[in-house]
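First up is the structure itself, then whatever we jot down about it.
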Amino acid sequence: MTHPGIDAELAFGSAGEHQLQQHMGTAERAAQFYERQVRPCLTQQMREFIARQTMVFIATADGNGHCDASFRGGPAGFVQVLDDHTLAYPEYRGNGVMASAGNMTENPHLGLLFVDFSGDRIGLHVNGTAHLRPDDALRTAYPQLPQETAPGRRAEFWVHLSVDEAYIHCSKHIPHLLPAPHGTKLRSQRPKDPDYFTGSAVVPQPPAREPAQPEPVPEPMPFAAPAAEAQLFEPAAEAPDAPGRSQVPLQRTPSWARRPAVVARDGWRGLRGR
């Protein structure tokens, strides 16, 4: 489904998507995907799928574009489908960092990914605009919300999502996983959560390195090599010199020898600018 009077490839997707599709020759395939799979609201099948899910992966970014991915879980249907255009899920008491919710206060764009690993092995993307709502305020607007979305737990607040688009995540690489029986204990040798990735409270320091020996000065190349395929995107910055390394001045390649690489790079930048 597309918006009336708008081409499929323009109704959905970012400008970056469309530029890269043109460069890679996938615009026609992408237009078919937008047309067949992407919807501006939740279909009945999507609503039923979400009501069965016990987990969801969420993606946010702050006002500067710094990203964060997280996970939410609960009983089936803990993500509430309020109507065809609206979802809501509860935020419980946690570690107090508020990374995802804090990002939403700066940048309301939110991406959800539901994945069914044990049944139909299919996924659903839901992207939209999120706002934080107090528990009592959302219940006033939607009286059908359950009092306990998880046994013995009450929401501190809710994430209220207005859906912009929803589409499939195909089953090709989704593994088949079976839930463990209820009450399965963790292995006895497993570290406790606070120590699982950090280990001891002492932050390990890297071993000291001996000063490196001066390297021989390479002969200047007669010409610069053509831009490699790895330079399709912006080239990485040069790493700073290691501590203790002798500062040996290198002979610079003359500008006339660097010109082919400059031309290739500027050509790609010109393509991106279109």
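All figures in this text were calculated on a predicted structure; none of them were measured in a lab. Below, all heavy atoms of this structure are taken into account, side chains as well, without hydrogens, waters or symmetry copies. The first residue in the sequence is number 1, and the count goes up from there.
The shortest distance between side-chain heavy atoms of P40 and F12 falls below 4.5 Å. Counting heavy atoms from C-beta outward, T60 and N107 have side chains that stay 4.5 Å or more apart. Contact check for D120 versus R52: side-chain heavy atoms found under the 4.5 Å cut-off. The shortest side-chain heavy-atom distance between V56 and L113 does not fall under the 4.5 Å cut-off. Residues Q147 and R139 meet the side-chain proximity criterion, which asks for heavy atoms closer than 4.5 Å. At least one side-chain heavy atom of R47 sits less than 4.5 Å from a side-chain heavy atom of D84. For the pair D116 and Q53, the minimum side-chain heavy-atom distance is below 4.5 Å. Under the 4.5 Å side-chain criterion, counting only non-hydrogen atoms from C-beta, Q37 is not in contact with Q32.
Between H176 and S118 the shortest heavy-atom distance is NE2-O, 3.6 Å. Taking both residues in full, the closest heavy atoms of F114 and M55 are given as CD2-O, 3.8 Å, listed atom of the first, atom of the second, then distance. Across P134 and F157, no two heavy atoms sit closer than the pair CA-CB, 4.4 Å. V163 approaches T86 most closely through the heavy-atom pair CG2-N, 4.2 Å. Smallest separation of non-hydrogen atoms from R72 and F78: O-CZ, 3.6 Å. Of all heavy-atom pairs between L82 and A88, the closest is CD1-CB, 3.9 Å.
One hydrophobic cluster, built from ILVMFWY side chains closer than 4.5 Å, holds both V115 and L177. Cluster annotation: I168 is connected to L87 through the hydrophobic network of ILVMFWY side chains, with a link wherever side-chain heavy atoms come within less than 4.5 Å. Both Y34 and L42 are members of a single hydrophobic cluster when ILVMFWY side chains are connected at heavy-atom separations under 4.5 Å. V81 and V159 fall within a single hydrophobic cluster, where Ile, Leu, Val, Met, Phe, Trp and Tyr side chains are chained together by heavy-atom contacts under 4.5 Å. By the criterion of side-chain heavy atoms lying less than 4.5 angstrom apart, applied directly or through intervening Ile, Leu, Val, Met, Phe, Trp or Tyr residues, F33 is grouped together with I122 in one hydrophobic cluster.
Between the N64 side chain and the H66 main chain, no donor and acceptor come within less than 3.5 Å of each other. With hydrogens and angles disregarded, no donor-acceptor distance shorter than 3.5 Å links the side chain of T26 to the backbone of R29.
More than 12 heavy atoms of other shown residues, nucleotides or ligands fall within 6.0 angstrom of atom CZ in R190. More than 12 heavy-atom neighbours from other residues, nucleotides or ligands sit within 6.0 angstrom of CG on D68. The environment of E28 atom CD is sparse: at most 12 non-hydrogen atoms of other residues, nucleotides or ligands sit within 6.0 angstrom.
Rounding to the nearest 0.5 Å places NE2 of H109 at 11.5 Å from CG of L161. Rounding to the nearest 0.5 Å gives a distance of 5.0 Å between CD1 of I174 and NE2 of H169. With rounding to the nearest 0.5 Å, the separation of OG1 in T105 from NE2 in H131 is 11.0 Å. Note that the CG atom of L110 and the OG1 atom of T129 stand 9.0 Å from one another [nearest 0.5 Å]. The CZ atom of F71 sits 10.5 Å away from atom CD1 of I58, with the distance rounded to the nearest 0.5 Å. To the nearest 0.5 angstrom, M98 atom CE is 13.0 Å from N103 atom CG.
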Exercise for review: Applying side-chain contact (heavy atoms from CB on, under 4.5 Å), run through H18 and Q22 and close with a yes or a no.
Suggested key: CA-CA 6 Å; H18 302 310; Q22 293 292 335; 5.7 Å; no
Point to revise | Step-by-step side-chain contact (heavy atoms from CB on, under 4.5 Å) determination, I50 to L112 | key: CA-CA 11 Å; I50 293 171; L112 304 180; over 6 Å; no
Exercise for review: Evaluate the side-chain contact (heavy atoms from CB on, under 4.5 Å) criterion for residues E91 and E156: first the C-alpha distance (whole Å), next the side-chain angles of each, then the deciding distance (0.1 Å), finally the verdict.
Suggested key: CA-CA 6 Å; E91 286 283 19; E156 290 196 325; 5.6 Å; no
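Between Y142 and H160, the ring-plane angle classifies as tilted under the 30° and 60° cut-offs.
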